[in-house]
Protein chains: 2
Amino acid sequence: MTTNDQLTPGARRILDVASELFYRRGIHTVGVDTIAAESGVTKRTLYDRFGSKDGLVVSYLETRDRRWRDMITARLDAAQGDPLRRVLVPFEVMPEWLGGSERGCSFINAFAELPEPEHEGRKIIVAEKKWLHTLFHELLTEAGAPDPGTLATQLLSLHEGAIVATAIADAPDAAAAVHAAADALVTAVLGGAGPSSATGPT
Amino acid sequence: MTTNDQLTPGARRILDVASELFYRRGIHTVGVDTIAAESGVTKRTLYDRFGSKDGLVVSYLETRDRRWRDMITARLDAAQGDPLRRVLVPFEVMPEWLGGSERGCSFINAFAELPEPEHEGRKIIVAEKKWLHTLFHELLTEAGAPDPGTLATQLLSLHEGAIVATAIADAPDAAAAVHAAADALVTAVLGGAGPSSATGPT
DNA sequence: CGGTAGGTATACAGATCTGTGAAGTCAAGG
DNA sequence: CCTTGACTTCACAGATCTGTATACCTACCG
């Protein structure tokens, strides 16, 4: 595991610049010379801190993964006790997370650029999507949904698809639309009521 | 417009090999030398036929777009008269279209690799997604759905998301799951009955 | 005061990549 | 017969990309 905390000032700037450039212009089209220059840093420093371009790519994906999970878990904690809203948290934060970026999901994009199965970055990408899938599954199970596996896959697909639709098909309403669809699917199964475990609904 | 019909034998092989390699290993990671060698053709021939690597990329996307639309329209014609099934055609063909590939959607992947807005290939990608969006919209309008715009975006998101979920989150049930979800969403609105144009609904 | 961490400056190796130039082969067709 | 189209051979230009080597600077810290 790479820590990514307590980076030196130079490394911090490198990672920030690289994250921006990798996301906006793609990993392969951005060279280390560009990153170093844009960070006001020597290429030597970049290699001293991150070892290689791949190392920097991995750090890029790790920090984005961390930010994503932190955001979701924070919102989940804030929605304690309401299983229906908790399942929909990833849909609620979508507009904020996307922020009108036009470049879609950094993980999906990086997946397209890293076809080698052994690549460390790929494992982070796969883990990120599986994490969301598992999260849906767990929340649905807690809420007492009948077929949490299928519903989790449906929610994951809605979520990822909305990001794609927003970026490529130029559908700015996608986030709101899939939020409504997810709500409809979940409500149809949970009956629009509360949890089935301990506390009574209504 | 490039024709892509009546290619010379060499060009045909080049395009076939390039399509396979671009899809499986990404556009940037595959060089023209590799494509030429794998096609049993000289680099000179490649440039004589396609002008540039970008030209080859555009041909790659064009043919895939063409195949995709042809497949869908053929199935649509075969399902005449049943609006509910017609709307779900893109979901029915998904397993067949994906064919257990593990690399997701060629258009989404290419979108990640072509960040320049002026790039000709990007326009093909955007047009492909918008085409599906519009198709959903039209079919839903024909079927008399109340809010075809929102529902079309939801269906598009489900569709794209399932491809992503299959490839990245390793969810082989995604195609079937989103098919069911799309069915549920459409049925909830169309009441599971026939067209509303001539014959009045319930 | 001396070592170490973080960084600068610069030059360069070595590989790879797109694209071109020039000349030649070979078969089909008018 | 001779032109044209499809393709080969092969060398090479020119750019770019990752990564390294060498030497130096400077602030902080024990």
Side-chain angles (χ1 to χ4, degrees), chain A residues 2-22 24-61 110 112-116 118-122, chain B residues 2-22 24-61 110 112-116 118-122:
Chain A
T2 321
T3 321
N4 275 346
D5 298 335
Q6 275 155 335
L7 292 171
T8 61
R12 172 89 270 150
R13 259 149 47 218
I14 293 169
L15 185 53
D16 287 347
V17 166
S19 297
E20 170 79 8
L21 293 180
F22 284 159
R24 270 188 18 220
R25 290 165 31 193
I27 293 171
H28 285 304
T29 61
V30 174
V32 288
D33 293 273
T34 306
I35 295 169
E38 210 99 341
S39 313
V41 144
T42 323
K43 213 168 35 161
R44 191 68 229 210
T45 304
L46 192 154
Y47 279 95
D48 281 348
R49 301 293 141 229
F50 296 96
S52 66
K53 185 183 178 180
D54 265 0
L56 183 54
V57 169
V58 168
S59 291
Y60 156 59
L61 292 170
E113 295 206 76
L114 306 176
E116 312 88 1
E118 331 82 58
H119 199 290
E120 199 60 35
R122 227 185 129 95
Chain B
T2 322
T3 319
N4 277 347
D5 298 334
Q6 274 155 336
L7 292 171
T8 61
R12 172 90 271 151
R13 259 149 49 219
I14 293 169
L15 185 53
D16 287 346
V17 166
S19 298
E20 171 79 7
L21 292 180
F22 284 159
R24 270 192 13 223
R25 291 166 28 193
I27 293 171
H28 284 304
T29 62
V30 175
V32 287
D33 294 272
T34 305
I35 296 169
E38 211 98 339
S39 314
V41 144
T42 325
K43 213 167 38 161
R44 201 76 185 85
T45 304
L46 191 155
Y47 279 96
D48 281 347
R49 300 295 140 225
F50 296 96
S52 64
K53 185 183 178 181
D54 265 0
L56 183 53
V57 169
V58 168
S59 291
Y60 156 59
L61 292 170
E113 295 206 76
L114 307 176
E116 312 88 2
E118 331 83 57
H119 198 289
E120 199 60 35
R122 228 185 128 94

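A note on names: the letters A, B, ... follow the listed sequences, proteins ahead of strands, and every chain is numbered from 1.
- How far CD of B/E116 is from CZ of B/R122: 8.0 Å, rounded to the nearest 0.5 Å.
- The minimum heavy-atom distance between B/A18 and B/L56, with the atom names listed, is CB-CD2, 3.8 Å.
- For DNA chain C, the neighbouring residues in residues 34-49 of chain A, judged by any heavy atom under 4.0 Å, are A/G40, A/V41, A/T42, A/R44, A/T45, A/R49.
- Separation of atoms CG (B/L7) and CZ (B/R12) is listed at 5.0 Å; rounding is to 0.5 Å.
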Show me the donor-acceptor pairs within less than 3.5 Å that the side chains of residues 39-53 of chain A make with the rest of the protein, sequence neighbours left out.
unit_1: A/S39; atom_1: OG; unit_2: A/I35; atom_2: O; d: 2.5
unit_1: A/K43; atom_1: NZ; unit_2: A/D33; atom_2: OD1; d: 3.4
unit_1: A/S52; atom_1: OG; unit_2: A/D54; atom_2: N; d: 3.4
unit_1: A/S52; atom_1: OG; unit_2: A/G55; atom_2: N; d: 3.1
unit_1: A/K53; atom_1: NZ; unit_2: A/I27; atom_2: O; d: 3.0
unit_1: A/K53; atom_1: NZ; unit_2: A/V30; atom_2: O; d: 2.8

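- If you take CZ of B/R12 and P of D/dC7, they are 12 Å apart, rounded to a whole angstrom.
- In this structure, the separation between CG on A/L15 and CZ on A/R13 is 12.5 Å, given to the nearest 0.5 Å.
- Spacing between atom CG of B/D33 and atom P of D/dC12 amounts to 16 Å, rounded to whole angstrom units.
- Protein chain B contacts DNA chain C over a range whose 5' and 3' limits, counting nucleotides with an atom under 4.0 angstrom from a non-hydrogen atom, are C/dT18 to C/dA22.
- Checked by atom type and distance alone, the side chain of B/H28 never pairs as donor or acceptor with a backbone atom of A/T29 at under 3.5 Å.
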task: Give the intermediate values and the outcome of side-chain contact (heavy atoms from CB on, under 4.5 Å) for residues B/R25 and B/T34.
output: CA-CA 12 Å; B/R25 291 166 28 193; B/T34 305; 3.9 Å; yes
task: Mind running side-chain contact (heavy atoms from CB on, under 4.5 Å) on A/F22 and A/L61 for me, showing each step along the way?
output: CA-CA 10 Å; A/F22 284 159; A/L61 292 170; over 6 Å; no
